[in-house]
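As structure tokens, the structure follows; a few thoughts come after it.
A note on names: the letters A, B, ... follow the listed sequences, proteins ahead of strands, and every chain is numbered from 1.
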Number of protein chains: 2
Amino acid sequence: MSTGEKLIVATQELLWERGYVGTSPKAIQQRAGAGQGSMYHHFAGKAGLAAAAVRRSAEQLRATAEGDLRSSGSALERVRAYLTRERSVLRGCRIGGLAQDPDIVADPELRRPLEETFGWLRDQLTEVLEKGRRSGELTAELDARATAATIVAVVQGGYVLARSAADAAPFHQAVDGLLRLLEGARAQTSPPGLRPGTETLVKSLPGRLGR
Amino acid sequence: MSTGEKLIVATQELLWERGYVGTSPKAIQQRAGAGQGSMYHHFAGKAGLAAAAVRRSAEQLRATAEGDLRSSGSALERVRAYLTRERSVLRGCRIGGLAQDPDIVADPELRRPLEETFGWLRDQLTEVLEKGRRSGELTAELDARATAATIVAVVQGGYVLARSAADAAPFHQAVDGLLRLLEGARAQTSPPGLRPGTETLVKSLPGRLGR
DNA sequence: GTCTATAACTTGATAGAC
DNA sequence: GTCTATCAAGTTATAGAC
């Protein structure tokens, strides 16, 4: 691995662990096994190196989410795959965690990858939900765009609750609560073309929020 | 206001704006209009002062949330009051934002107010939802505890999305999506004692997720 | 490309005068 | 109680040797 690469990887790790404000060039150099001169030769200071590291982390997050959301199955199964993927909950989100950092949100070049990542993620989820709605899996009243924002927010907020409690449980509880609510958004009427009797409709109700 | 008070207030502001790692004793002293000696006379260094400030912010957050959740109305109306209260969305949560700070979560004295605040908040919401469930307003299948975690997570995650986008819209969208899902958790059968006809049941369905 | 030296400044705290 | 002086260590670079 080149020195430039090592510096980016070290910066990614430190940004995740300590944020931008809490990460010093010295710490980056030590972790990367590179000297001062190397760092300033390859990058334009701390901000330039951080920008490269944040863009890299954003790419990786996208690749991972893409795997979950493009899995086979119904819309709800894809959303469930995304929500229940294994995560290092107590470490938090590599991208979302940076949103709290004042120097990240103040610098457009550092903030843009965050905005783009969450925008892309909401777009992907919106598409999955909208397809589920149009196929008759989800209720016609579902607002796919708003629901997508809710899903992403639950994950990001779950991290906050887990780190506050030093325990992953609140994260999983929040996800569980969301999944139950989403199951309540399954269409009660059948997809276009079928005509269920009233009895079918009524019988399906008690299980609306069950697993 | 006493010098001790001024130092606490200044620290509260700076913790909100810049986090713990990003806040220096010097900045606190300047904002409070106090010298080095004053600060170290009243508090045991940066950590001690921060602990007092975090506890103060936690108390204030609780008082505010209590006002929303103890308002009159149905369970859903109380939850809605909490979720739609006016917030300075782009500033983020004074308490939740600190969960990202490595030095906050590493120090039990600094992290405990966060854990207690979110624990208390989830307890309050659980109680509101459970009352709604038992009264027949909400579906019997609702998991009050998990749903409470989801609600808190949406707010905290909404802040993350808004700060990432430098725009309050994603916050409001996430809350909107959650409120629509919660309306889908309204009981379809009437409270115990009433016996609605099938017609009423069917007619109520199309509005399940509407406003 | 990578290294060390140096610089100007900030950080977090202590000492002691008043 | 509040102030200024002082301090060792760290921060974010730049300069120039190799």
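Ion pairing between a basic and an acidic side chain is recognised when a charged N comes within 4.0 Å of a carboxylate O; B:E66 and B:R62 show no such pairing. Taking 4.0 Å as the cut-off between side-chain N and carboxylate O, B:E130 and B:R133 count as a salt-bridged pair. For the pair A:E59 and A:R55, the salt-bridge criterion is not met [side-chain N within less than 4.0 Å of a carboxylate O].
Atom pair A:Y40:OH and D:dG16:P shows a separation of 17 Å (rounding to whole Å applied). In this entry the distance linking CG of A:L7 with C1' of D:dT12 reads 15 Å, nearest Å. Per the geometry, CD belonging to A:Q30 stands 13 Å off C1' belonging to D:dA9, to the nearest Å. Separating the CG atom of A:L14 from the P atom of D:dT11 is a distance of 11 Å, rounded to the nearest angstrom. One can place CZ of B:F43 at 14 Å from P of C:dA13, the figure rounded to the nearest angstrom. Atoms CE (A:M39) and P (D:dT14) sit 10 Å apart, rounded to a whole Å. Atom pair A:R18:CZ and D:dG10:C1' shows a separation of 13 Å (rounding to whole Å applied).
Put simply, B:T3 has no side-chain N or O that comes within less than 4.0 Å of OP1 or OP2 on D:dG1. Contact between the side-chain N/O atoms of A:H42 and the OP1/OP2 oxygens of C:dT2 is found at a separation under 4.0 Å.
Projected onto DNA chain D by closest heavy-atom contact, B:H41 and A:T23 fall at different nucleotides, the more 5' of which corresponds to B:H41.
With hydrogens and angles left out, the side-chain atoms of A:E141 and A:T139 include a donor and acceptor closer than 3.5 Å. Side-chain contact, A:Y159 with A:R87: a donor N or O sits under 3.5 Å from an acceptor N or O.
Listed by chain and residue number, A:R145 satisfy the side chain to side chain contact (heavy atoms under 4.5 Å, CB included) test with A:D123 (two or more places apart in sequence, or in another chain).
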List, with names and distances, any nitrogen or oxygen atoms from the protein found under 3.5 Å away from nitrogen or oxygen atoms belonging to nucleotides 4-11 of chain C.
none

